2 protein chains.
Amino acid sequence: MKHRSSLAIPRLGGTSMSIREVAKRANVSTATVSRAIHHDSRVNAETAERVWHAIRELNYYPNVHARSLASGRSHIAGLIVSDITNPFFPELVQGFAEAALESGYDTLVASTNYDAARTSLAIRRMLERKADGVAIMTSEMDESLIAELKNRNVPMVFLDVAEPGRLISNLRVDYADGVGTAVRHLISLGHRRIGFLSGPDNLKSARVRREAFLECLSNAGLAIEDPRMVTDGGHRIDGGFDAMQRLLALDERPTAVLASNDLTAIGALRAIRTAGLRVPEDISVVGFDDIQLAAFTDPPLTTVRLPRTEIAERAFECLARNMDLGQEDGTEPVIGTKLVVRASTAPYHR
Amino acid sequence: MKHRSSLAIPRLGGTSMSIREVAKRANVSTATVSRAIHHDSRVNAETAERVWHAIRELNYYPNVHARSLASGRSHIAGLIVSDITNPFFPELVQGFAEAALESGYDTLVASTNYDAARTSLAIRRMLERKADGVAIMTSEMDESLIAELKNRNVPMVFLDVAEPGRLISNLRVDYADGVGTAVRHLISLGHRRIGFLSGPDNLKSARVRREAFLECLSNAGLAIEDPRMVTDGGHRIDGGFDAMQRLLALDERPTAVLASNDLTAIGALRAIRTAGLRVPEDISVVGFDDIQLAAFTDPPLTTVRLPRTEIAERAFECLARNMDLGQEDGTEPVIGTKLVVRASTAPYHR
DNA sequence: CTTATTCTCGAAAACGCTTACACCGCGAGC
DNA sequence: GCTCGCGGTGTAAGCGTTTTCGAGAATAAG
């Protein structure tokens with residue numbers, strides 16, 4: 001028994017305190033130290049205090065790898081997003097990571113870049129690192145991949161894509177309501193020819209928004225006659241720019257447009273101005289998401305706020321329910337939206 | 001010896017393949033399997049093939065926690081940024097994570113939010129997760145914290161804050177050059193009264209940019225007379241807005257301004273327009289960073305491009321040199337900048 | 001044909017923690 | 001007076017790898 005590894009070979013990482021040193025110092029066994037650390041009620045209060053004292057004195061903190069190996073829990077929460085570069089996501093990541101941290105979880109972020117191979121790799125990483133739970137905030141997700149997680153009993157939470165089930169939750173954003181208030185806002189301003197800059201068709205949430213738009217319009221007796229009035233802006237600035245140009249080229253161009261997200265709206269803003277028109281005098285535009293930037297476009301963008309921080313927190317809550325409380329059921333909280341009226345919309349005139 | 005843990009208690013995570021099963025399947029010892037996995041040249045090619053075959057058949061992948069525990073290496077790279085919500089960072093995170101992934105590292109991101117407590121916590125997390133290396137892309141970093149990492153021989157790389165040393169690298173951005181070309185650009189357009197919207201004073205890089213600005217101007221014989229011509233925009237949109245308003249209120253307002261970052265410039269853009277003036281006809285503005293958004297402001301922003309992806313890749317390279325190649329020295333690559341001329345600058349007239 | 005090398009490989013210790021199980025007083029119940 | 005239960009604690013097995021050490025076979029050298 002020639003222990004003392006750290007003495008033999010000064011491994012990378014240097015000498016690090018182990019639970020044994022704490023045990024020795026506190027004059028107890030390693031088991032008791034472990035129990036004290038986990039606030040196990042079975043250890044005598046006095047003993048526990050002695051242990052904590054030693055811990056502080058030695059500036060000890062447990063080796064997470066050993067801990068994970070022994071306990072089977074990694075205390076890592078996975079978060080998969082489509083594109084961290086999209087301004088929608090950083091706040092989401094931040095909120096999630098923060099909530100996770102509060103519960104003692106580290107967050108492993110993966111950005112799929114809308115790419116199947118990367119997505120698959122992302123799941124693989126979650127599996128390898130043995131994430132205790134995974135939040136999947138992207139829709140490009142193969143069934144087989146989530147099956148892999150399901151098989152291993154990894155709790156999951158989705159954003160608007162899956163049905164809740166065992167260990168699976170889903171956040172449902174009330175897009176219909178959001179789109180509805182936006183459209184009604186436009187209608188109440190007197191607009192009748194309203195265009196829509198949709199998102200990529202393979203994105204469920206984008207489809208939902210478009211459907212909601214269409215339905216809302218026909219409910220108001222304004223059903224779209226020209227199908228070209230809804231056109232794909234790809235949820236990106238340049239896509240929005242192009243899409244808006246198409247709308248402007250129409251014989252009967254819209255007097256107002258609703259964009260499927262703010263990036264698209266920003267592109268539209270530029271296209272309109274480039275065409276020599278003014279917002280909101282000539283055309284009103286409303287976005288969707290309310291990214292931070294929306295308040296600083298020119299003019300400031302009227303948009304439907306999608307509460308990212310709330311989404312993030314709810315998402316982690318869902319996971320925590322399964323991870324910490326050991327519940328097996330999934331839930332489906334509804335996320336509300338809110339119209340933020342700024343200066344890119346105005347009454348229709350002329 | 002009652003092994004079969006996975007049979008006894010179906011732990012969370014389900015039955016997971018272990019190296020022993022592979023060994024059994026390939027008719028070798030676990031040691032050989034381990035060696036085969038690591039492409040150890042000492043294992044016979046034929047045996048290795050047999051092992052790999054078994055691995056594929058069983059869909060086996062190693063338990064990272066066991067691996068980390070035994071090897072002392074976590075294959076986790078830490079990345080600490082000040083604010084992931086700041087559009088400057090997501091690209092950085094993305095680039096870093098990507099580079100890391102290619103070398104088999106997962107990235108643990110921490111956002112300090114410019115807060116000392118959080119920063120301290122971030123370091124702690126890196127320590128606990130035993131990150132093999134840490135990239136520190138924020139300047140609010142206490143000496144004592146980095147000492148903690150240094151003690152444990154964790155390689156580090158900084159962005160413009162530290163001196164390189166043992167296991168410590170530093171990326172040096174050539175701000176002087178960037179600011180220089182921007183100022184010369186403005187001067188060549190005929191501008192003589194040039195204002196500066198600086199960043200927060202506690203940020204080293206912000207100070208450097210301001211100094212460079214001042215020096216560059218005096219080199220050109222245009223030394224600033226009115227100290228109010230350089231004012232703090234806080235590196236944020238609203239800060240830039242306010243700062244620009246202060247500049248506009250001056251008796252002799254500038255005909256061009258250089259902002260310490262793009263966010264500030266965007267705020268300035270709005271302030272100028274709000275004051276009823278036009279960019280670039282009345283005032284030219286140039287930003288710094290070239291965030292994605294800069295191409296889509298109105299007008300598109302002339303700015304100094306700071307290559308974030310390159311920074312990210314270089315940063316990881318620096319760490320990898322120490323982590324993988326085992327070199328002990330640090331380096332200090334210089335990161336160049338490039339002026340991107342768009343439409344927010346124009347010749348001075350009248 | 002023996003001895004020294006080189007190749008391959010296996011046994012088993014070690015990594016640092018968790019946890020099932022055993023154990024040891026000690027007051028309570030009969 | 002003896003068993004029972006229980007709060008507290010220690011012992012040691014086990015988590016799934018990596019890695020040292022040495023053994024055996026095969027090859028090279030003498």
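Model, not experiment: these values are computed from the prediction. Each chain gets a letter, A, B and so on, in the order its sequence line appears, and its residues count up from 1.
A sub-4.0 Å separation between OP1 or OP2 of D:dT18 and a side-chain N or O of B:Ser34 is present. Listed pair A:Arg67 / C:dT18 meets the phosphate criterion, a side-chain N or O lying under 4.0 Å from OP1 or OP2. Look at B:Tyr61 and you won't find any side-chain N or O under 4.0 angstrom from OP1 or OP2 of D:dT17. For the OP1/OP2 pair of C:dG16 and a distance below 4.0 Å, the side-chain nitrogens and oxygens of A:His65 include no atom meeting the criterion.
Distance NE2 (A:His38) to P (C:dT19): 7 Å, rounded to an integer number of Å. Remark: P of C:dC17 and CD1 of A:Ile37 are 7 Å apart, rounded to the nearest angstrom. C:dC17 atom P lies 8 Å from atom CZ of A:Arg20, rounded to whole Å. The distance between atom NZ of A:Lys24 and atom P of C:dG16, rounded to the nearest whole Å, is 13 Å. Atom CG in B:Asn63 sits about 17 Å away from atom P in C:dC17, given to the nearest Å. Rounded to a whole Å, the CG atom of A:Leu69 is 17 Å from the P atom of C:dA14. Taking atom CD1 of residue B:Ile19 and atom P of nucleotide C:dA11, one finds them 14 Å apart after rounding to whole Å. Rounded to a whole Å, the NE2 atom of A:His75 is 10 Å from the P atom of C:dT18.
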Salt bridge (Lys or Arg N to Asp or Glu O under 4.0 Å) evaluation trace for B:Glu57 with B:Lys24:
CA-CA 13 Å; B:Glu57 273 191 333; B:Lys24 203 175 301 173; over 6 Å; no

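Within 6.0 Å of atom NE2 in A:His38, more than 12 heavy atoms from other residues, nucleotides or ligands are found, so the atom counts as buried in its surroundings.
Salt-bridge annotation for A:Glu128 and A:Arg152: absent, with no side-chain N of the basic residue lying under 4.0 Å from a carboxylate O of the acidic one.
Remark: the B:Asn44 side chain and the B:Glu46 side chain contain no N/O donor-acceptor pair separated by less than 3.5 Å.
By the 4.5 Å heavy-atom criterion applied to side chains, A:Ser120 and A:Asp142 are not counted as neighbours. Between B:Arg35 and B:Thr32 there is a side-chain heavy-atom pair separated by less than 4.5 Å. The shortest side-chain heavy-atom distance between B:Leu69 and A:Asn63 falls under the 4.5 Å cut-off.
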Every protein N/O within reach of nucleotides 8-11 of chain D N/O, cut-off under 3.5 Å:
residue	atom	partner	partner atom	Å
D:dT9	OP1	A:Thr47	OG1	2.7
D:dT9	OP2	A:Asn44	N	3.0
D:dT9	OP2	A:Thr47	OG1	3.1
D:dG10	OP2	A:Ser29	N	2.8
D:dG10	OP2	A:Ser29	OG	3.2
D:dG10	OP2	A:Thr32	OG1	2.8
D:dG10	N7	A:Arg35	NH2	2.9
D:dG10	O6	A:Arg35	NH1	3.3
D:dG10	O6	A:Arg35	NH2	3.4

Nucleotide N/O of nucleotides 25-27 of chain D paired with protein N/O under 3.5 Å:
none

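Between B:His39 and B:Trp52, the two ring planes are parallel [angle under 30°; tilted spans 30° to 60°]. A perpendicular orientation is assigned to the rings of A:Phe316 and A:Tyr105, their planes being inclined by more than 60° (bins at 30° and 60°).
Considering only side-chain atoms of A:Ser18, the nucleotide from D:dT19, C:dT18, C:dG16 that sits closest is C:dG16.
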